[in-house]
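Beneath this line is the structure, given in structure tokens, with notes to follow.
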Amino acid sequence: MTTRVRFAPSPTGYLHIGSARTALFNYLFAKNTGGKFLLRIEDTDLARSTEESTRSILEGLKWLELEHDEELVFQSNNADKHRASALKLLKEGKAYRDFTPKVEAAGDVKEGIAERARAAQGVKNMRDNPYREISEIESDTRAANGEPFAVRLKVPDSGKTVFEDAVYGLQERDYNDTEDLVLLRSDGHPLYNLAVVCDDIEMQITHVIRGQDHLTNAHKQVLIYEALGVTPPVFAHLPLILAPNKGKLSKRKHGEIVSMTTYRDAGFLAAAFRNFLALLGWSASEEKEIYSMAELVVKFTLGGIHRSNAVFNFAENDPRRWTDEKAQWMNAEYIRTMPIGELLPFVKAELKSAKLWREEYEPELRALTETVSSTDSEDRPATQAFDIPEHGSYDWFVQTVDLIRQRFFTLKDFSSQGRAYFSEDYDFDPAAIQKNLAKFPDLQQWLPELADRFEPMEDFSEAAIEEVVKAFTEEKGTKLGVIMNGARTLLTGVAVGPSMLSVFQTIGKDKSILRLKSQIAWNKQE
RNA sequence: GACCGGUUCGUCUAGGGGUUAGGACACCGCCCUUUCACGGCGGCAACACGGGUUCAAAUCCCGUACCGGUUACCA
């Protein structure tokens, strides 16, 4: 039997990091077992569901490249079927009409529930509903008279629900601990637990993989499956992802850092984020951190899922730790080690959106196949002096990206920190000016002078540049670092980056000269 | 409150009767270097607590503490 799993978010916000991981695990399990990954939007609560949210969720899934196999299902479209099931149970005596008037929840719903539970301590039987045992005739009559009623499942008097959770093991719950849950609201609207069970049956779901917050719901759902006479699917509940204080990670309290689109917009690679997510609550039991999607698919098992919750670690008021540092590291790791050919399209998109892209960077067909296939960043020789691509060409673009990616963390860095490589209009980091220029006033004369030395050079290779700069340094009786760092600041606007010789060569002779002579940075320091 | 679940370095985790308790991120130090957030080497750092079982417990059992989930005519 082929496995069929579903990711079933409710459209009440953007794609949350926890939901994203649930989607990932469902996807991985489906692909690992050669099954289908389905998507269902749980919009039974029309009042809270929004189209905007559905769009955002779809967008997040698209970014993560978790494509669903069959047509998207909207739960609200199946309301009639859900209702029919409830009515069937009513007819069979497995459910009953509850004529208790509906009470509107007020204030903090959660708190109200807990409060009521504490107050009802010991006095209330979960199933002491006065309408549970009224006669069929009375029930029918009152209903016929137009008296509003909810339909509740009649939980059997004694016994327990039992199921084997693929993650948490054997789960048992005494019927006494489960109330007669409402299947249909008094306005005829089907409720979550009913809807989920009906849809999962309809969609022939074999494995329900979802957050641990549904673990107790599973007992209620098993009850519905039993009443309906259908064998329940396999349940696998996932540990929760917590905030640093080990509390709930919520959209309201933690805002954008839990939204998938935040990461997309911050310049994360989907592959890196997926990799990070996969390792949050799951492990292949080996000392390895970097997994491609293909590897994850092969290695994924429900048995590798943990039972304990994981903390998503970040510090709200520390910009460097705005999100989990391991996620940041993972992204940097991908940027600097993935095959350059795979990275290029992302850099292109980033440069385009920053208006830094130029058509000259577009590959000719020949160049593309050559570069992409010969990409083993492991043992590619360092840029050679005799191999200087024409500035601004496709080859130059590839070489430049490869050079500067070493110290980048996100795709955004290509258009911010790396801006000077692609544009004449770049900013100067005040700290860099302070550290590398202001401290050495002589540089204001020296650097333009160095530019003059570059002028007559025919061969602007790293070796040739090195020779000129070294001679110049000696002549001035200063240290190489002073010249190099001053030049770095003028040429790139920042204090960090690759070897200056590579930078000179990459920026090119003409631009290097221009920038060394530019007084903009100097003027800025005043 | 009740029911359910969890607890290995700060964080993500490996290990599940005998290990110097391993890896990754972060942090610290050294090296490389013209700077650096790359790289290399090294370091700091954990089995929640108390009982039991056992020759031997981080690992099995019981209890305690703490944390989390659920307890809706929400999903």
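Computed from a predicted model, the values in this text were never measured in an experiment.
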How many whole angstroms separate atom [atom1] of [X] from atom [atom2] of [N]?
X	N	atom1	atom2	value
A/N245	B/rC67	CG	C1'	11 Å
A/M500	B/rC38	CE	P	20 Å
A/E333	B/rA26	CD	P	10 Å
A/N331	B/rC25	CG	P	15 Å
A/Q417	B/rU35	CD	P	18 Å
A/K288	B/rU13	NZ	P	18 Å
A/Q406	B/rG40	CD	P	11 Å
A/E179	B/rC3	CD	P	16 Å

Name the closest nucleotide to the [X] side chain, picking from [options].
X	options	answer
A/W329	B/rC36, B/rC74, B/rA24	B/rA24
A/Q212	B/rC3, B/rU35, B/rG5	B/rG5
A/R48	B/rC36, B/rC3, B/rA75	B/rA75
A/R336	B/rC38, B/rC3, B/rU13	B/rC38
A/K102	B/rU70, B/rC74, B/rU34	B/rC74
A/S283	B/rA75, B/rA14, B/rG5	B/rA14
A/N193	B/rA75, B/rC73, B/rU34	B/rA75
A/V496	B/rC36, B/rG69, B/rU7	B/rC36
A/Q171	B/rU13, B/rG5, B/rU34	B/rG5

Quick one: label [X] by what it contacts on the DNA or RNA (base, sugar-phosphate, nothing), any heavy atom closer than 4.0 Å.
X	answer
A/D45	sugar-phosphate
A/P498	base
A/K479	nothing
A/K160	nothing
A/P101	base
A/R152	sugar-phosphate
A/E287	base
A/L501	base
A/Y168	sugar-phosphate
A/F409	base
A/S186	base

What distance, rounded to whole Å, do you find between the two [atom1] atoms, one in [N] and one in [M]?
N	M	atom1	answer
B/rC44	B/rG23	C1'	16 Å
B/rU19	B/rC3	C1'	39 Å
B/rC60	B/rC38	C1'	48 Å
B/rG16	B/rA75	C1'	37 Å
B/rU54	B/rG17	C1'	9 Å
B/rG63	B/rU7	C1'	15 Å

- Query: Which heavy-atom pair separates A/A86 from A/L183 by the least distance, and what is that distance?
  - Reply: CB-CB, 4.3 Å

Could you let me know what [N] is paired to, Watson-Crick or G-U wobble, both distances under 3.5 Å, or none if it's on its own?
N	answer
B/rA21	none
B/rC9	none
B/rG1	B/rU71
B/rC41	B/rG29
B/rA14	none
B/rU34	none
B/rA57	none

Has [X] got a side-chain N or O lying under 4.0 Å from the OP1 or OP2 atom of [N]?
X	N	result
A/T44	B/rA75	yes
A/R210	B/rA75	no
A/S285	B/rG15	yes
A/R320	B/rC27	yes
A/R488	B/rU34	no
A/T12	B/rA75	no

- Donor-acceptor pair under 3.5 Å, A/D43 side chain vs B/rA75 base: no

- Query: Is any N or O donor-acceptor pair between the side chain of A/T216 and the base of B/rC4 shorter than 3.5 Å?
  - Reply: no

Taking only nitrogen or oxygen atoms into account, show me every contact under 3.5 Å that the protein makes with nucleotides 9-12 of chain B, one pair per line with its distance.
| from | atom 1 | to | atom 2 | distance (Å) |
| --- | --- | --- | --- | --- |
| B/rU11 | O4' | A/N313 | ND2 | 3.2 |
| B/rC12 | OP1 | A/V311 | N | 2.6 |
| B/rC12 | O2' | A/L279 | O | 3.0 |
| B/rC12 | O2 | A/K326 | NZ | 3.2 |

- Message: Would you call the rings of A/W322 and A/Y263 parallel, tilted or perpendicular, taking 30° and 60° as the class edges?
- Response: parallel

For the backbone of [Y] and the side chain of [X], can you confirm whether one donor and one acceptor N or O come within less than 3.5 Å of each other?
X	Y	answer
A/D98	A/F149	no
A/N193	A/K220	no
A/H306	A/S308	no
A/H237	A/R307	no

- Item | A/E179 with A/R152: basic N within carboxylate O range, under 4.0 Å | yes

- Salt bridge present between A/D180 and A/R132 (N-O < 4.0 angstrom): yes

- Rounded to the nearest 0.5 Å, what's the gap from CG on A/L450 to NZ on A/K476? Could you check? 10.0 Å

Using the ring of [Y] (Phe, Tyr or Trp, six-membered ring only), decide whether [X] places NZ or CZ under 6.0 Å from its centre and within 45 degrees of its axis.
X	Y	value
A/R419	A/Y426	no
A/K412	A/F414	no
A/R21	A/F25	yes

